[in-house]
2 protein chains.
Amino acid sequence: MVTIDLDTKVKFLHGLSHKTRNQILECIKDREKTVSEIVTDMKASQSNISQHLSCLKDCGLIVGRQEGKYIYYSLRNQQVRDLLSMIDIVLADVQNDIASCKNFVQGGDC
Amino acid sequence: MVTIDLDTKVKFLHGLSHKTRNQILECIKDREKTVSEIVTDMKASQSNISQHLSCLKDCGLIVGRQEGKYIYYSLRNQQVRDLLSMIDIVLADVQNDIASCKNFVQGGDC
DNA sequence: CACACATATTCGTTTTTGCTAATATGATAG
DNA sequence: CTATCATATTAGCAAAAACGAATATGTGTG
């Protein structure tokens, strides 16, 4: 049994709960990339990506490493990588149920 | 390697990314509970809890079961339970780094 | 030092989320 | 069938998140 600060946990999970951020994580899952590479891979503005990278970093999901004028971002560690995989596995399981939900997009309280 | 619809995944994770919803999950982790029980356990209004339960249900994290005039909520399945545990384990690992983050609360873009 | 390139930050706006209070639905008991 | 208890839904408002555009910082190069 592990004890975790709830606020910390929520912040961490917040990092995962956005489409663009998820794509970024997927994008750098296998190897570190510079911001420009990520911007190219994704279809978003440099400013937007930079903001999400900042969020992901603050949430503890990724780390940045400077090398010359580039900054390379990658997943924080192997555990984060494992967690992302596990989430995918669990989700494959419950996917159908979730997909049939309606309230999420319109309903303002979710 | 598992393929998952990104929107589905984000929706699922969205369910986890709120303090109250996390507390609800924790609260019903070991056994199913009625809404009233949950409301009593947590410090929030019935309406508020009901809305979060609705969200959690839509996100695929919990299921409800009617019995008489009560509705019992519980985690969807063992995998969800396992996932919550795994998240705690990974978090224990990166907790300190995350805790030292400043931008999250004030910064509007994260 | 000035210029170019890579990345971060700020500002203003729009959209989404969360909350409370009030009301509605639904089930059971009498 | 109506009164009561359990739960859900709606409406309106306040707060937070997301975004684009513009600007700032920082790093290497000539």
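In what follows, chains carry the letters A, B, and so on, assigned in the order in which the sequence lines appear, proteins first and then strands, with residues in each chain numbered from 1. Bear in mind the structure is a predicted one, so any value in this text is a computation, not a measurement.
The residues Glu26(A) and Arg21(A) are annotated as not salt-bridged, no charged nitrogen and carboxylate oxygen being separated by less than 4.0 angstrom.
The nucleotide whose nearest atom lies closest to any side-chain atom of His18(A) is, among dC19(C), dT9(C), dC19(D), dC19(D). The side chain of Leu53(B) has dA8(D) as its nearest neighbour among dT7(D), dT7(C), dA8(D). Across dA17(D), dC19(C), dA8(C), the shortest atom-to-atom separation from the side chain of Tyr73(A) is found for dA8(C).
Scanning residues 30-40 of chain B for heavy-atom distances under 4.0 Å to DNA chain D yields Thr34(B), Val35(B), Ser36(B).
Applying the 4.0 Å criterion to OP1 and OP2 of dA16(D), one finds that His14(A) has every side-chain N and O outside that range.
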Report task. Applying side chain to side chain contact (heavy atoms under 4.5 Å, CB included), run through Leu16(B) and Ile87(B) and close with a yes or a no. Result -> CA-CA 10 Å; Leu16(B) 292 169; Ile87(B) 287 171; 4.0 Å; yes

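Atom pair Met42(B):CE and dC19(C):C1' shows a separation of 14 Å (rounding to whole Å applied). The CZ atom of Arg65(B) sits 12 Å away from the P atom of dT7(D) (whole-angstrom rounding). Separating the CG atom of Leu56(A) from the P atom of dA8(C) is a distance of 12 Å, rounded to the nearest angstrom.
For the pair Arg31(A) and Ser74(A), the minimum side-chain heavy-atom distance is 4.5 Å or more.
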Report summary line: In B/S/- notation (B base, S sugar-phosphate only, - none; protein heavy atoms under 4.0 Å), nucleotides 20-30 of chain D written 5' to 3' is BBB----SS--

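No side-chain donor from either of Asn48(A) and Ser45(A) sits under 3.5 Å from a side-chain acceptor of the other.
The salt bridge (charged side-chain N to carboxylate O under 4.0 Å, His left out) test applied to Asp82(B) returns no partner, not counting sequence neighbours.
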